Every structure is written in structure tokens, then in C-alpha cells.
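Computed from a predicted model, the values in this text were never measured in an experiment.
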Amino acid sequence: MKKTKAQLKGQLDKEMEHIQFTNHQQVLNHVYPTTWKQKLLKLWNKEIYIPLVPISVVLVLFMVVMGYPAIKSIEQRPDEGASDSIKHVDGSGYFYWESNQRGGEKR
């Protein structure tokens, strides 16, 4: 086993002897940033993962919280027949609030 590894390593070294890597320092600076500019570039190069389910839940909760006052105000409106002042009156094909029609008659 060791003999095969040594033989393969020797063959690989022989085939790769003409290839030289010259950017040692550039790779080290990218992997281990030391200045604030290098750190910013490393941060900029990261992939951002945004999970869909939690973002959707937050969006739905936000919409429910913002819509609650509007729904509550609709539920708190009195019934049509609850008071004399909010009855509808049909006049000439138009519907009026009874209080508005009475106010018009008083003028």
C-alpha cells in the first residue's frame, strides 16, 4: 500500500513539475484577512441564505397586526336597525340616512 502511494506521488510530482503556483500571498490574504478592507471583501463574498418559512410567518403576522384595527372598527359598527338615527330611507331611488333627511327638512 505504501509502495503504491509513493509510486503515485512520484508520478504526480513528475507530471506537475512544470506547473508553479505564484499567488501564495493573495490566497492567504483572501483566506485570512488582516485589514478592514480585506475583511469587508470577505464579508461581501459570502452567500446570504434567507429562509422562506420564517420570513413568510413574519410577513403574515405583520399583516394581521396591521389589519386588526380595521377589522375591529368594522365589527364595532352598530346594526342597521339598532337606532332611529341610522335607518336608511329610500327617496327618489336614492338611499339616505334618516338623520340626514330629517336635517334637510329642518332647514
**Request:** Can you establish whether the number of heavy atoms outside Ile19 located under 6.0 Å from its atom CD1 is more than 12?
**Result:** yes
**Request:** Measure the spacing between CG of Asn23 and CZ of Phe21 and express it to the nearest 0.5 Å.
**Result:** 5.5 Å
**Request:** Taking the side chain as every heavy atom from C-beta outward, state whether Gln11 and Leu8 have any pair of such atoms under 4.5 Å apart.
**Result:** yes
**Request:** Could you tell me the separation between the NZ atom of Lys14 and the CG atom of Leu12, rounded to the nearest 0.5 Å?
**Result:** 12.5 Å
**Request:** For a side-chain contact (heavy atoms from CB on, under 4.5 Å) with Asp13, tell me which candidate from Met16, Lys9, Glu15 qualifies.
**Result:** Lys9
**Complete:** CD (Gln38) and CG (Leu28) are apart, to the nearest 0.5 Å, by 10.5 Å
**Message:** Tell me whether Val60 shares a hydrophobic cluster with Val53, the cluster being built from Ile, Leu, Val, Met, Phe, Trp, Tyr side chains joined at under 4.5 Å.
**Reply:** no
